[in-house]
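Sequence lines set the chain letters: A, B, ... in the order given, protein chains first and strands last, and positions in each chain run from 1. All figures in this text were calculated on a predicted structure; none of them were measured in a lab.
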Number of protein chains: 2
Amino acid sequence: MSVRMKDIARDLKVSIVTVSKVLRNHSDISPETRARVLKRARELHYQPNWAARSLVTGRSYMIGLIVPSLVHPFFAEVARGISKKIRRSGYSLVITSAEEDPKLEQQEIEHLLARQVDALIIASTQLSFGESQRRIETRNVPYILVDRNFSDLRANYVGADNDEIGALATQHLIECGCHHIAHICGPMISTGTGRLKGYRRALERHGLKVPPGYEVAGSSGDDDAEASGYEAMRKLMALRPRPDGVFCFNDPTAVGAMKAIFDAGLGIPDDFAIVGAGNFGYDSLLCVPLSSIDQSSASLGERAAKLALGLIDSKDRSRPRTIILPPRLVVRESSRKGGSCNAVEPGATSTKDSPSHALSRPLSAP
Amino acid sequence: MSVRMKDIARDLKVSIVTVSKVLRNHSDISPETRARVLKRARELHYQPNWAARSLVTGRSYMIGLIVPSLVHPFFAEVARGISKKIRRSGYSLVITSAEEDPKLEQQEIEHLLARQVDALIIASTQLSFGESQRRIETRNVPYILVDRNFSDLRANYVGADNDEIGALATQHLIECGCHHIAHICGPMISTGTGRLKGYRRALERHGLKVPPGYEVAGSSGDDDAEASGYEAMRKLMALRPRPDGVFCFNDPTAVGAMKAIFDAGLGIPDDFAIVGAGNFGYDSLLCVPLSSIDQSSASLGERAAKLALGLIDSKDRSRPRTIILPPRLVVRESSRKGGSCNAVEPGATSTKDSPSHALSRPLSAP
DNA sequence: TTGAAAGCGATACCAC
DNA sequence: GTGGTATCGCTTTCAA
């Protein structure tokens, strides 16, 4: 059915080994045999059988990616970055979604290991990664954690600077003239705790206190973020002194919070300035375009892929590498309080959306 | 290094063949040996070596998916649907993005074929699929086109009923009391032409004419949709009689159109009722939540996956199958003209979003 | 019901 | 430079 090296060897009356060597650019081959083999291979549209090659080399030329959700724009961006980076190396990307289920994630890890992927890139939903780590390390497959890290783990990691995300957002709210800045927290994993720490650090640096109740728990996962943002904001609105600025763990959370504010008949940014994180594509489309912290998801993916390719080649997997990408503030209407927010710390990375056709005008109907 | 059937066999003092049979639910095995094998396999976290299995069966247990873009929510949904469906069958999904580039798409097809995927699912960006079709059919790999079809091709196809999408949207605008309904067209491939036809059909059925200029070209691809929606809408606003309802090829196009309307100081839905297509996640978050036609992307993926699995098993691939999924109208603020739009044709599939915390109230600040 | 033997298509190692 | 041989982990066939 399909062409094998055996066929080429027979046609040319050389051995299979010779053909194999030519096809892998082995040096011990005379120029003329090499030419003959290559010619015949092309004629027959020869394609190596990856299963056979894999079986003997132990390599599959595949990289596995496990994400909590394919639909989440952040992970889609990451996947895109990885895909782009490995394309030219001849590697294929096997993507699976854990559907936000830690149990399923473990299964998928096993599955990909069985597939003999040469490296694994994982944005984990697990609370503790130890078990999976052992499994992976037993097989000696290089793996890279992405987005979510585990403090107790020595592992390769590529992620955003969550602490800095929190600090940047909070700092911005301070500069916008907010005096009572609250935080709707994310899950208590590295992303959530980092942002929380950054939030506290920024306040502290400006001598601001966090009144009780100002740090309110939001989502514990990635799926219910909007609903829990709504609930969290309701709690915040009941506090006295009422917050006038809110840093939300991520954009979906912020969307929920904004809904709560509107439902209460209050306004953004006048009553509450809002900053999210993630800088999702829809941020600029919202009723009040949402200021957010960009975490350069795609380049995060690229870095992870580059690291993966490096690890596959190097035999030295001892010292885990950590890559932290700097966040970037994107200012939109949701935090433009009387224009004062335009002041941006010199040196800070910040970008303003052109407000050209912002969807933030009063509506003519309902 | 990793657990093999040999290890289980040794531990249990049975032959490798016996283990193999148990693991594949072969019948000629005594219940007790089966139990012992399964137990030990679980204990050792046995996972079959797919390369080895592949080598002898000639199957790779991989399905290849090529999409124009990973970030586009529609394709992300489709991927999710496929992923979900094939998970239990032990198949893996190799996903690659063509980055909206027909040339790259062809390369990726070659690449996946070389990988010996057992089936290929393709949402093509190519204008003519003939070349790729030949390549794929030479290898005798079953393939399924998704979303975009080619009228001149006999191929398996799973997609939305584009004609019906156009008709449903237009019909809805008519029922909302619009008298001058325009259409911002999509690219002139099956999705775009189908929706255009449906639009015309619905108007015709109601004895409405399409004045010159009412069908205006929008995007030619998938990337510039928003910008071209903006431009198209500007043209529409200049027409006399001015349209009072616009069916946009897809949601990004609609978003662009909405921006143009707001920038012109006009209102939605009072001046223009708008309906998009795709029902993307952000539709309900927009300034004026956008009515849209849902094309059940995830179940589209599931159907494609199911078809793929079926084709892999069946030896009869002669008669291509076509699966068309019915669209569903989702009514939101952008087409709620004085409440009259609530009238829904009996029998038509339609859903209304709960307007509970709609982001559609006048804002307190710019 | 069980298992020995023969591959699947490629690569690695080591003679020649 | 070239090629014989063993091998990778599994399935298939067929004999016991």
Checklist entry - Should we say atom NE2 of A:His45 is surrounded by more than 12 heavy atoms from elsewhere, each under 6.0 Å from it? => result no

Next on the checklist: What verdict does the side-chain contact (heavy atoms from CB on, under 4.5 Å) test give for B:His72 and B:Val67, after you've listed the backbone C-alpha separation in whole Å, the side-chain angles of each residue and the deciding distance to 0.1 Å?
Outcome noted: CA-CA 9 Å; B:His72 197 298; B:Val67 293; over 6 Å; no

Item to check | Presence of salt bridge, B:Arg135 and B:Glu131, under 4.0 angstrom | outcome: yes

Item to check | Atom CZ of A:Arg321 with >12 non-hydrogen neighbours under 6.0 angstrom | outcome: no

Item to check | CZ (B:Arg10) with more than 12 external heavy atoms under 6.0 Å | outcome: yes

Next on the checklist: Heavy atoms only, 4.0 Å cut-off, all strands: where does A:Asn49 land among base, sugar-phosphate and nothing?
Outcome noted: sugar-phosphate

Checklist entry - Looking at C:dG3, D:dG3, D:dG1, which one has an atom nearest to any side-chain atom of B:Ser15? => result C:dG3

Checklist entry - At under 4.0 Å, does any side-chain N or O of A:Thr33 touch on OP1 or OP2 of D:dT2? => result yes

Next on the checklist: By nearest heavy atom, map B:Asp28 and B:Gln47 onto DNA chain D; which one lands nearer the 5' end?
Outcome noted: B:Gln47

Checklist entry - What orientation do B:Tyr61 and B:Tyr91 show, parallel under 30°, tilted 30 to 60°, or perpendicular over 60°? => result tilted

Item to check | Distance, rounded to the nearest Å, where B:Asp7 contributes CG and D:dC8 contributes P | outcome: 12 Å

Checklist entry - Whole-Å distance between C:dT1 C1' and B:Arg36 CZ? => result 13 Å

Item to check | Below 4.0 Å: OP1/OP2 of D:dC10 and any side-chain N or O of B:Tyr46 | outcome: yes

Next on the checklist: Taking CZ in B:Arg303 as the centre, count heavy atoms belonging to other residues, nucleotides or ligands within less than 6.0 Å. Is the count above 12?
Outcome noted: no

Checklist entry - What integer distance in Å separates B:Lys21:NZ from C:dT1:C1'? => result 8 Å

Item to check | Residue mapping more 5' on DNA chain D - nearest nucleotide basis, B:His26 or B:Ala52 | outcome: B:Ala52

Next on the checklist: I need the residues from residues 55-63 of chain A with at least one non-hydrogen atom less than 4.0 Å from DNA chain C; give them sorted by number, or say none.
Outcome noted: A:Leu55, A:Val56, A:Thr57

Item to check | Nearest-Å distance for atom pair CZ/P, residues A:Arg34 and D:dG1 | outcome: 10 Å

Checklist entry - So what does B:Ser54 touch, heavy atoms closer than 4.0 Å: a base, only the sugar-phosphate, or nothing? => result nothing

Item to check | Between C:dT2 (C1') and B:Lys13 (NZ): distance, integer Å | outcome: 17 Å

Checklist entry - How many Å lie between CD1 on B:Ile8 and P on D:dT11, as a whole number? => result 11 Å

Checklist entry - Rounded to whole angstrom units, what separation is found between the CZ atom of B:Arg53 and the P atom of C:dA10? => result 21 Å

Next on the checklist: Rounded to whole Å, how long is the line connecting atom CD1 of A:Ile16 with atom C1' of C:dG7?
Outcome noted: 13 Å

Item to check | Selection from C:dT2, C:dA12, C:dT11 that lies nearest to any side-chain heavy atom of A:Met5 | outcome: C:dT11

